[in-house]
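Take a look at the structure set out below.
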Protein chains: 4
Amino acid sequence: MPSPSPRWRRQKETRPADIVRAALDVFSEKGFAGARMEEIAARAGVSKGAPYLYFPTKEDLFAAVVRDVVQPNIDPMLQMAAAHNGALEPLFRAITEHLGHTVETTPLGRVVKLVISESQTFPEIARIWHDNVLDKALGTVAALIERAQQRGEVRPGDPRNHALTIVSPLLVGVIFQETFVPVGAKPFDLSALIKQHLDTVLPGLLLEKTTQ
Amino acid sequence: MPSPSPRWRRQKETRPADIVRAALDVFSEKGFAGARMEEIAARAGVSKGAPYLYFPTKEDLFAAVVRDVVQPNIDPMLQMAAAHNGALEPLFRAITEHLGHTVETTPLGRVVKLVISESQTFPEIARIWHDNVLDKALGTVAALIERAQQRGEVRPGDPRNHALTIVSPLLVGVIFQETFVPVGAKPFDLSALIKQHLDTVLPGLLLEKTTQ
Amino acid sequence: MPSPSPRWRRQKETRPADIVRAALDVFSEKGFAGARMEEIAARAGVSKGAPYLYFPTKEDLFAAVVRDVVQPNIDPMLQMAAAHNGALEPLFRAITEHLGHTVETTPLGRVVKLVISESQTFPEIARIWHDNVLDKALGTVAALIERAQQRGEVRPGDPRNHALTIVSPLLVGVIFQETFVPVGAKPFDLSALIKQHLDTVLPGLLLEKTTQ
Amino acid sequence: MPSPSPRWRRQKETRPADIVRAALDVFSEKGFAGARMEEIAARAGVSKGAPYLYFPTKEDLFAAVVRDVVQPNIDPMLQMAAAHNGALEPLFRAITEHLGHTVETTPLGRVVKLVISESQTFPEIARIWHDNVLDKALGTVAALIERAQQRGEVRPGDPRNHALTIVSPLLVGVIFQETFVPVGAKPFDLSALIKQHLDTVLPGLLLEKTTQ
DNA sequence: CATGAATGAGTCTTCATTCAT
DNA sequence: AATGAATGAAGACTCATTCAT
C-alpha cells in the first residue's frame, strides 16, 4: 500500500478546523445543550469519536468555537482603534462600518448570540468574552472619547455611556437578526442603520470644530 | 406505590404563581436545558409532581414564565405610547425612563435575556415575543416618529432605524447587565445611561423648537 | 337542610357497582396497567378518591371486576351440569348454547380476555379463575364424560381432552372476538359456530344408541 | 458526565438477537407494561442503554420479539399447507402435529399468549398478527376445506367454522398452558390431545372413504 | 362522607464519553 | 490514529395513593 495521499494528509490537518466549523453551525442552530456531539461529528464528516481527539469535552469544543472567532475579527479592530490619534468621526464611522461588514460576512454575529445565550451555562466563557472583547472594546472607545473630551471635542458625560450610544444599535441589530429574523421578523439593513444612526447622533456628540 | 409521609396545605390559588416565580429564578440561573423541574419544584416549596398539575410540560412552564411578565409590564406601555399625541421628547423620556425603572424593579430584564437565550430552542416563544412585544413596540414608536416626520418635527430617515437609535442603549444595557455583570462586569447605571443618551441624541433627532 | 333525598341514597348504594362497571370498561379497553384510576372514577361519575372508599387498591378493584362476573354467570351453569343425569347431547348443546348466549349478552367474554391478558401480572387472579372456573368446569364436564364412558355412551379417551374437543371452538371464538375483531377481523357467528361444531363432532364422540 | 468503568466486548452481530431473547423472557414473565428495559438489558448481559442502539423504543423491541418468531415458525407451515393437493386427513394431522411440536420446542406459544395479552395496548401488533398469521392461516385451511367440499370430501358447512373445529383445542391448550399451568394447573399433553381430538373429529368431518 | 390537590417512587429515554479493535 | 459499539448517569414525566378540607 502506498503512503497516505496528500489529499488525505490535507484533510487530517484541517480536521480540527472542520470540526469547529461544524460545531459552530450546530451550536448556533440548537444551542449548547441541544447540540449533539454525534451531529457535529457527522457534519464535519468525521467519526463520532474524532472530536474527542482534539477537544476533551463538549465544553472545550464550545470554548474553541467562541475563541476562534475572536482573534481574527476583533483584535485587529481593537488595535486599530487603540492606535488611533486623529479625528473621531471617521474612526467611529470606520469601526462601525467594519463591524457591520464583519457581522454580515463572518460568523461573528452568531457567536455573539451564542455567548449571550449560553452565558448562564458557561460563566467562564462569558468572563473570557467580557475580559477579552467587551471590556477591551468599551475601554478602548471610552479612552478615545475621554481624550477627546479633554481636547474639548466631545460632549461631557460618562465615556462608557457615550460608547454605548455609538455602538448599541449595531449590537441590537445583530441580536435582532440572530434572534427574531429566523422566526419571521423583518431584517434590518445593518449598513443603512449604522449610517443613519451616526448621522443622527454624531452631531450631538461631537462638539463644534471636531467634525474635521 | 404510595408515599409514606405527605404533608401539604391546599393552596390551589397561589401554587401556580409560586411555581412560575421559582421557575423564572431557575431558568434565569441555569437556562432552560439546565433547569431541573425538581429544583423548580423544590424552590417553590412543592413536590416533584406538583408543577405538572398546572403545566403539562417543562416547555409550557417556560412559556408561562415568559408570558406572565409581558401582560403587566409591556402592554400598558404600548397603549400609553399608541395613544400619545403631544410632543415627542417628553414621551420618549417617559417611555425609556419607565422601561428602565421596570427593568430594575421587575423580572422583565431576566425574561428578555431568557427569550434571547432560548430563542433557538423555542422558536415559538421567539415568535410570540416578536409579534406581541418587539414588533408592536417598534411599530408603535416608528409610527409616532413617522407622524412627527410628516409634521416636520423629526429628522428624515427610516423610522424603524430611528426607533433603534432611541432604545438600543437601554436594551444593550439590560443584556449586558444580565450577561456580563454576573461574571464581574462593572454594571451600567441604567437611569444615567438613558438620560445621557437622550440628552445626546434627541437634539440631533428632533427638529425645530423641540431641540434642547 | 333536608335529609338526603332517596335518589341520592340510591346513588350511594349503587356506587361500588357503578365503579366496578366503569372499571371493567376501562380495564377492557386499556388493560390493567394502562387503566388509570382517575379515568375509572370519571366514567363512574365519582370523584378521584371515591374508588378508594370501596377498594383499597387498583388490584383489589381489578379482582372485584373479575370476581363479580363469575358468580352470576358461571356458577349456575356448573351446578346445572353437575346435577345432570340424562343424555349428554342435549346437555352439551344446552351448555354451549347458554355459554355462547352469555358471552354475547354479558361482559363474560371481556373478563375472560382480561384474565388471560393479565394472568402474568396477577397470578392470584389466574389461580382463582383456574380453581373456581376452569378446573371446576373442566372437572364437571370430564366427570360427566367419564360416567358416560362407563355406560358405553362415549368414545374412549382422556375425558379432559374430550372436554376440550367440545368447548374449544367457543373459547377460541371468544378470544378471537375480543382480540382481533377490534382491529378489523371478520367476526365469527358464535351460535352458528357452536351448532356446526357440535353437529360435526358429537356423532364421532357419542357412541351408537347414545343419541337419545 | 462520563462513566468510570466500562467493560465490554464488541458483539454487534449477536447483540440484537440476545436482546430480543431476553426481552421475550421478560415480556413473557411480566407483560409489556411490567417489563423493565433495565431488566431486559441485564438479562441480555448488556448495559441499560444498549437495547436502544438497536430498538428505538420499548414498543419497537416488543414488536421485534413478536415479529422474530413468526417468520421461521409460521410461514413455512402456511406455504406447505397452501401448496397441498392430496388427501386432507394426513395434511391436517401433519399440520397440527407440527404446530404442537413447534409450540413445545419454540417460543411460539409464549408469543401467541403475548399477542393476545397485549392486543389492547398494541392494536398495531394485533393487526399484524391477524393479517399475517391468523387470517392467512384460517384462510388457507378454509380454502383447502372448501375445495374438498366441492369434491364431496368434506361435510357441508362454513369452512371457517370447520377450520376452528380442527385447530381450536390446540390453541386452547396453548393458552391454557401459558396462562394457568404457571399457577398450578395440570398441563395438557398437547400431542395426545391433538391425536385424540383428530381421531374423534375427522370421521365426522371427512366424508366418503376417508372415514376411518 | 366525599373531594381533589398534593405527593413521590418508578421508568423510559438521551447522549457525552470511553476504549476495544 | 480512527472508529463506532457500548456504557450509565441524569432527568422529564406518570399515576397510584393519601389526607386536609
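Chain A is the first sequence line, chain B the second, and so forth, proteins listed ahead of strands; every chain is numbered from 1. The figures here come from the full heavy-atom set of this structure, side chains too, leaving out hydrogens, waters and symmetry mates.
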Residue mapping more 5' on DNA chain E - nearest nucleotide basis, B:Ala50 or A:Ala35: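 Comparing both residues, the 5'-ward one is B:Ala50.
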First of D:Glu59 and C:Gly45 reached from the 5' end of DNA chain E, by closest nucleotide: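 Of the two residues, C:Gly45 wins.
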Sugar-phosphate, base or nothing in reach of B:Ala33, heavy atoms under 4.0 Å: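 The residue B:Ala33 makes no contact with any strand.
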Sugar-phosphate, base or nothing in reach of C:Val46, heavy atoms under 4.0 Å: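 Here C:Val46 touches no strand at all.
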Parallel, tilted or perpendicular: ring planes of B:Phe32 versus B:Phe122, cut at 30 and 60 degrees: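 Perpendicular, since the angle between the ring planes exceeds 60°.
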Side-chain N,O (C:Arg15) to OP1/OP2 (E:dA2) below 4.0 Å: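 Yes, such a contact exists.
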Side chains of D:Thr57 and D:Asp60, donor plus acceptor under 3.5 Å: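 Side-chain D/A pair, D:Thr57 to D:Asp60: present.
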Flag if over 12 foreign heavy atoms under 6.0 Å of CD, C:Glu39: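 Yes, because the 6.0 Å sphere around CD of C:Glu39 holds more than 12 heavy atoms from other groups.
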Round to the nearest Å and state the distance from [X] atom [atom1] to [N] atom [atom2].
X	N	atom1	atom2	result
B:Leu61	F:dC13	CG	C1'	13 Å
D:Phe27	E:dT11	CZ	C1'	13 Å
C:Leu53	E:dG4	CG	P	13 Å
A:Phe32	E:dC15	CZ	C1'	12 Å
D:Glu38	F:dA10	CD	P	14 Å
A:Ile40	E:dT17	CD1	P	11 Å
C:Ile19	E:dA2	CD1	P	9 Å
D:Tyr54	E:dT13	OH	C1'	17 Å

What nucleotide among [options] has an atom nearest to a side-chain atom of [X]?
X	options	answer
A:Ser47	F:dT3, F:dT7, E:dA16	F:dT3
B:Tyr52	F:dT18, F:dC13, F:dA6	F:dC13
D:Lys48	F:dA16, E:dG10, F:dA10	F:dA10
D:Lys58	E:dT3, E:dT13, E:dG8	E:dT13

N-O pairing of D:Asp25 and D:Arg110 below 4.0 Å: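 Salt bridge: yes.
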Residue matched to F:dT21 through Watson-Crick or wobble contacts both under 3.5 angstrom: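 Pair assignment: F:dT21 / E:dA2.
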5'-most by nearest nucleotide on DNA chain F - B:Met37 or C:Met37: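 Checking each residue's closest nucleotide, the 5'-ward one belongs to B:Met37.
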Side-chain donor/acceptor of B:Lys113 to backbone N/O of A:Ile116, under 3.5 Å: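 Yes, because the side chain of B:Lys113 sits within donor-acceptor range (under 3.5 Å) of the backbone of A:Ile116.
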